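Computed from a predicted model, the values in this text were never measured in an experiment. In the text below, chain A, chain B and the rest are named by the order of the sequence lines, each starting its count at 1.
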2 protein chains.
Amino acid sequence: MVERISDAEHEIMEVLWIKAPLTATEVADRVADAKGWSLQTVKTLLSRLAAKAVIGTERDGRRFLYSPLVERDTYLAGVSRKFVDRLFGGKVTPLVAHLAEADELSDDDIREIEELLRELKG
Amino acid sequence: MVERISDAEHEIMEVLWIKAPLTATEVADRVADAKGWSLQTVKTLLSRLAAKAVIGTERDGRRFLYSPLVERDTYLAGVSRKFVDRLFGGKVTPLVAHLAEADELSDDDIREIEELLRELKG
DNA sequence: CGCTACTGACTACATCTGTAGTTTCATCGA
DNA sequence: TCGATGAAACTACAGATGTAGTCAGTAGCG
């Protein structure tokens with residue numbers, strides 16, 4: 001059971017999953033482009049993530065270095081599971097069907113998924 | 001752009017998507033098993049959904065009848081889209097891959113999805 | 001015709017989220 | 001050594017969410 005991570009917190013996690021450990025300032029720099037949050041906001045989010053034990057802190061002189069304690073794959077698997085459970089009764093097929101109907105699936109996507117499924121069976 | 005629907009509100013929607021119109025009491029009865037909410041809670045959620053114009057109200061004597069204004073398919077498509085965008089950069093393949101790795105896909109699921117994809121191409 | 005019971009409307013309130021401002025403490029340079 | 005600077009800690013605050021309680025009005029029963 002990975003703690004619930006909010007949307008804003010998730011942005012921070014994505015940064016730390018790309019590179020860690022980072023200081024608060026470094027994280028802020030890396031999200032600044034996309035989100036334009038202030039340094040204070042980033043620090044608040046880092047504190048909340050640390051409180052949830054989703055990231056770890058390590059003292060480096062007067063600063064902290066932050067690193068994920070949860071792997072991206074683990075987190076995504078959990079969240080995906082919940083999503084499919086809640087909205088599609090746990091079945092992936094209807095989800096794929098919906099995305100397909102909404103033209104979210106290109107021919108390349110379809111080929112990729114077919115390839116993936118073939119590997120799963122093999 | 002369908003308004004944001006919270007988890008609790010979504011439960012109400014599922015009930016109304018199965019059968020509508022329904023009175024508040026009827027909705028409460030139908031969610032009671034699963035969630036055990038009080039009638040008041042259900043009424044609050046119905047009000048919030050009505051305020052968002054996600055459901056419509058129709059007077060029936062001294063009561064209201066509630067019906068969805070948004071189709072389930074439309075809603076699911078939107079939510080799925082956002083989900084895949086946010087967590088998988090818009091690509092469905094990694095999502096399917098994650099579910100597969102987590103053993104969420106049975107052989108039957110795989111066959112079903114393959115079938116679906118074949119239809120999409122055909 | 002008046003009271004009761006059911007219904008919607010309004011109010012409540014703690015927690016979570018997004019987005020910071022302010023304070024305090026320590027450190028590094030002059 | 002002392003002040004400026006930078007970092008974390010603490011505080012703030014409005015809106016969303018989960019979960020109801022209370023009030024007020026009306027329709028139907030006696």
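Here chain B contacts DNA chain D (any atom closer than 4.0 Å to a heavy atom, that is under 4.0 Å), and the contacts span D/dT17 to D/dA27 from 5' to 3'.
In this entry the distance linking CZ of B/Phe64 with C1' of C/dC6 reads 14 Å, nearest Å. Note: CG (B/Asp60) to P (C/dG8) measures 10 Å, nearest angstrom. In this structure, A/Ile5 places its CD1 atom 12 Å from P of C/dG18, rounding to the nearest Å. Atom pair A/Ile12:CD1 and C/dT17:C1' shows a separation of 13 Å (rounding to whole Å applied). Between the CG atom of A/Leu39 and the P atom of C/dT22 there is a distance of 15 Å, rounded to whole Å. Nucleotide C/dT19 holds its C1' atom 14 Å from the CG atom of A/Leu46, rounded to whole Å. One interatomic measurement links the two molecules: CG of A/Leu49 to P of C/dC16, which rounds to 14 Å at whole-angstrom precision. Here C/dC25 presents its P atom at 16 Å from NZ of A/Lys43, a figure rounded to the nearest Å.
For the pair B/Arg62 and A/Glu9, both in contact range of DNA chain C, the more 5′-proximal nearest nucleotide belongs to B/Arg62. Along DNA chain D, the nucleotide nearest to B/Gln40 and the one nearest to B/Leu45 differ in position, and the one closer to the 5' end is contacted by B/Leu45. Nearer the 5' end of DNA chain D, as judged by each residue's closest nucleotide, is the contact made by A/Arg48, out of A/Arg48 and B/Thr44.
Side chain of A/Asp109 to backbone of A/Ser106: a donor-acceptor contact under 3.5 angstrom is found. B/Trp17 places a side-chain N or O within donor-acceptor distance of the main-chain N or O of B/Val70, the cut-off being under 3.5 Å.
The side chain of B/Ser47 contributes no N or O atom lying less than 4.0 Å from OP1 or OP2 of C/dA9.
Using cut-offs of 30° and 60° for the angle between ring planes, the A/His10 and A/Tyr75 rings count as tilted.
Across all strands, B/Lys52 comes closer than 4.0 Å only to sugar-phosphate atoms, never to a base (heavy-atom distances). Residue B/Thr41 is classed as a base contact, given a heavy-atom separation below 4.0 Å to a base.
Salt bridge A/Arg111/A/Asp107: absent, no basic N to carboxylate O contact under 4.0 Å. No salt bridge links A/Glu114 with B/Arg118; every basic N to acidic carboxylate O contact stays at or beyond 4.0 Å. A salt bridge does not link B/Lys19 to B/Glu26: none of the charged side-chain nitrogens sits closer than 4.0 Å to a carboxylate oxygen.
No side-chain donor from either of A/Thr41 and A/Thr44 sits under 3.5 Å from a side-chain acceptor of the other.
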